[in-house]
Amino acid sequence: MRTPIIVGNWKMNLNRAEAVALADALVAAIRAAIGGKNVEVGACPPSVYLDCVGHRLAGSPIGLGAQNMYHQPSGAFTGETSPKMLRDLGCKYVILGHSERRQFFAETDAEVFKKTRAALVHGLVPIVCVGESLAQRQAGKTHDVVAAQFQGSLSGLSAEEIAVCVIAYEPVWAIGTGVVATPQQAQEVHLDLRKLLLSRYNSRVASAVRIQYGGSVNAQNAADLLQKPDVDGALVGGASLKAADFLKIVSVA
Ligand code: PEP
């Protein structure tokens, strides 16, 4: 039985006071939202607010996560954040290979793989994003694109390493657009990913790895998506900035 995982990606939003207020609002109501159910919850604020938000989340069931990192532990890499630093700040998760990083910062599968391995070495849970663009879906290439991203970003990991990772299927056309994948569309790709895990690894790995859906998840559509057998949680952007909406998604997980 896979534990559902709901993670908020706050992206490059909020100021310090707003980030702290959002963290406080989540902490105040998270236990009621979880309600004794088996669900894992994370929040990924902007890196400059990891420290202050981490202090507010400490002792709560909400794990702290980062939105990106560099693969080296330290050194002359101006402007970057290392996995060691993220651990030092109390991070549990790190989102890697988000489509915005692939699109705007030219991040490649090879880089995502290096980051994923480095995150694991330092005890972080990588949330590795894959997903096709609208043009790729319309050209019938969804399977090939996702398989290539899986191959390049993840398949070099050992069975022990991949078992720790969370995969986030995030169709690019659904991110921040309000156009959510249908539960059936999400389920199809999640099942595809599980088959890829089975053929590269084994049935234990394929049944253990959690695959989140991300892309315009909100308090209204989450229940239908999360009902699908291979949808093990959600990576939530816009709706994670409103405590009530995010908590509702947690409560239906
Ligand atoms: C995301 O960027 O990870 C995301 C899922 O965004 P949104 O929920 O806003 O579509």
Side-chain angles (χ1 to χ4, degrees), residues 4-14 18-19 22 26 40-47 49-50 53 62-69 91-107 112 115-116 119 124-134 136-137 142 145-146 149 153 165-183 185-187 189-190 193 210-226 228 230-253:
I5 174 166
I6 309 293
V7 174
N9 174 10
W10 298 2
K11 307 197 186 188
M12 198 174 73
N13 292 303
L14 310 175
E18 290 165 341
L22 179 55
L26 293 174
E40 207 174 305
V41 183
C44 303
S47 59
Y49 303 139
L50 280 168
V53 168
I62 307 171
L64 184 67
Q67 299 172 18
N68 180 38
M69 56 165 236
C91 284
K92 177 171 181 188
Y93 309 103
V94 59
I95 299 170
L96 296 173
H98 191 282
S99 65
E100 287 152 16
R101 298 221 48 91
R102 293 177 186 265
Q103 190 182 342
F104 302 127
F105 304 95
E107 226 170 70
V112 176
K115 291 180 178 199
T116 303
L124 293 159
V125 175
I127 298 173
V128 181
C129 304
V130 297
E132 81 288 359
S133 67
L134 184 59
Q136 289 165 334
R137 173 162 282 266
T142 299
V145 169
V146 169
Q149 290 173 333
S153 310
C165 295
V166 175
I167 302 176
Y169 168 55
E170 297 211 306
V172 179
W173 47 269
I175 295 180
T177 59
V179 181
V180 65
T182 65
Q185 285 173 322
Q187 169 60 22
V189 180
H190 286 225
L193 281 161
R210 291 170 303 170
I211 307 173
Q212 293 177 307
Y213 168 79
S216 297
V217 175
N218 60 35
Q220 286 72 46
N221 61 30
D224 286 344
L225 287 158
L226 291 166
K228 288 293 175 190
D230 291 291
V231 177
D232 306 316
L235 185 54
V236 186
S240 71
L241 297 171
K242 295 182 204 119
D245 289 12
F246 186 71
L247 290 162
K248 174 87 198 301
I249 296 167
V250 170
S251 72
V252 301

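Whatever order the structure lists ligands and atoms in, that order sets their numbers, starting from 1. Quick note: numbers below take in every heavy atom, side chains included, and nothing from hydrogens, waters or symmetry partners.
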Quick check: does any side chain N or O of Arg102 sit under 3.5 Å from a backbone N or O of Gly97, one acting as donor and the other as acceptor? yes
Only heavy atoms of [X], strictly under 4.0 Å: list the atoms of ligand 1 that pass.
{"X": "Ala174", "answer": "10 (O)"}
{"X": "Gly238", "answer": "7 (P), 8 (O), 9 (O)"}
{"X": "Gly176", "answer": "7 (P), 9 (O), 10 (O)"}
{"X": "Gly215", "answer": "5 (C), 10 (O)"}

Would Ala239 count as a contact residue for ligand 1, given that I'm defining contact as a non-hydrogen atom of the residue lying under 4.0 Å from a ligand atom? no
For ligand 1, is Ser240 a contact, meaning one of its heavy atoms is under 4.0 Å away?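 Outside the 4.0 Å threshold, so no.
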Atom pair [atom1] ([X]) and [atom2] ([Y]), whose distance is rounded to the nearest 0.5 Å:
{"X": "Arg210", "Y": "Ile127", "atom1": "CZ", "atom2": "CD1", "value": "8.5 Å"}
{"X": "Lys11", "Y": "Ile95", "atom1": "NZ", "atom2": "CD1", "value": "9.0 Å"}
{"X": "Glu107", "Y": "Asn68", "atom1": "CD", "atom2": "CG", "value": "5.5 Å"}

Side-chain heavy-atom pair Pro183, Val231 within 4.5 angstrom cut-off: no
Answer whether the closest heavy-atom distance between the side chains of Phe105 and Glu100 falls below 4.5 Å. no
Taking heavy atoms and a distance under 4.0 Å, where does Asn9 meet ligand 1: side chain, backbone, both or neither? side chain
Does either side chain, that of Glu170 or that of His98, offer a donor lying less than 3.5 Å from an acceptor on the other one?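 The criterion, which ignores hydrogens and geometry beyond distance, is satisfied for His98 and Glu170.
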Pick from Lys11, Gln67, Glu170, Glu100: the one approaching atom 3 (O) of ligand 1 most closely through a non-hydrogen atom: Glu170
Return the closest protein heavy atom for atom 8 (O) of ligand 1 as residue, atom name and distance.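 Looking only at protein heavy atoms, the one closest to atom 8 (O) of ligand 1 is Gly237 N, 2.8 Å.
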Using distance alone, determine whether [X] and ligand 1 share an N or O pair under 3.5 Å.
{"X": "His98", "result": "yes"}
{"X": "Gly214", "result": "no"}
{"X": "Leu235", "result": "no"}

The single option from Trp10, Phe246, Tyr49 passing side-chain contact (heavy atoms from CB on, under 4.5 Å) against Leu22: Trp10
